Amino acid sequence: MNPLRTSRRHMSEINIVPYVDVMLVLLLIFMIATPLMQQGLLIELPEAPSEPIDPEPYREPLVLEINQRGELRLIREGVFVYTVEEVDLPGLVEGMMQEGGDDTLYVRADARLSYGAVAATIARLDQAGVPALSLLTQPPPETP
């Protein structure tokens, strides 16, 4: 036998180690990137003494969020659904209220927003036929 010629056997098995390495790297990237992709609006709610919302009849709430610049966003079950233009608000809210869920539309408006802007939005919601409207506030700080 020739010492330079050695017999080699072909491996018929798939080496999955590189694939597992790639999958772990992708998992790590998505775990880091996902929290950074969360978007939100900075809203400072007005303070007012009020009772918390009763969680028992609480089903699929629809929340209209208005930030300081007057941008409108619709949120259902704590998940952002739409960025809304003022003109499209009545039709979109009416359609979403008919889909089911809670009959109350919750409005979360920034405290720095003018009263007139909030009143105009509420008037548009009244035109859309919203059966019940609730304004969300922040409880005042407790005094010792």
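If you're wondering where the values come from, they're calculated on a predicted model, not measured in any experiment.
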*Asks:* Which one of V22, V20, N15 satisfies the side-chain contact (heavy atoms from CB on, under 4.5 Å) criterion with P18?
*Replies:*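 Between P18 and the candidates, side-chain contact (heavy atoms from CB on, under 4.5 Å) is satisfied uniquely by N15.
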*Asks:* With rounding to the nearest 0.5 angstrom, report the CD1 to OH distance, I122 to Y115.
*Replies:* 7.0 Å
*Asks:* Could you state the interatomic distance from CG (D110) to CZ (R112), rounded to the nearest 0.5 Å?
*Replies:* 4.0 Å
*Asks:* With rounding to the nearest 0.5 angstrom, report the CZ to CD1 distance, R108 to I75.
*Replies:* 5.5 Å
*Asks:* Please name the pair of heavy atoms, one in L62 and one in L105, separated by the smallest distance, quoted to 0.1 Å.
*Replies:* O-CD1, 3.3 Å
*Asks:* So, taking the atom named CD in E71 and the one named OG1 in T83, what distance separates them when rounded to the nearest 0.5 Å?
*Replies:*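 The CD atom of E71 sits 7.5 Å away from the OG1 atom of T83.
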*Asks:* Would you indicate whether I16, at its atom CD1, is surrounded by more than 12 heavy atoms from other residues, nucleotides or ligands within a distance under 6.0 Å?
*Replies:* no
*Asks:* Could you please spell out the steps behind the side chain to side chain contact (heavy atoms under 4.5 Å, CB included) verdict for T121 and V107?
*Replies:* CA-CA 10 Å; T121 303; V107 177; 5.8 Å; no
*Asks:* List the steps and the verdict of side chain to side chain contact (heavy atoms under 4.5 Å, CB included) for L133 and D126.
*Replies:* CA-CA 9 Å; L133 188 81; D126 186 45; over 6 Å; no
*Asks:* Might you point out which heavy atoms bring S134 and T104 nearest each other, and give the distance in Å?
*Replies:*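 The pair with the smallest heavy-atom distance is CB-CG2, 3.8 Å.
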*Asks:* Minimum heavy-atom separation for L74 and L64, please, with both atom names.
*Replies:* CD2-CD1, 3.8 Å
*Asks:* For residues Q68 and L113, report the shortest heavy-atom separation together with the two atoms involved.
*Replies:*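 Nearest pair, atom of Q68 first, then L113: O-CD1, 3.5 Å.
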*Asks:* Between L28 and I32, does the side chain to side chain contact (heavy atoms under 4.5 Å, CB included) criterion hold? Intermediate values first, please.
*Replies:* CA-CA 6 Å; L28 184 64; I32 292 172; 4.2 Å; yes
*Asks:* I need the minimum non-hydrogen distance between A132 and V130, along with the two atoms involved.
*Replies:* O-CG1, 3.2 Å
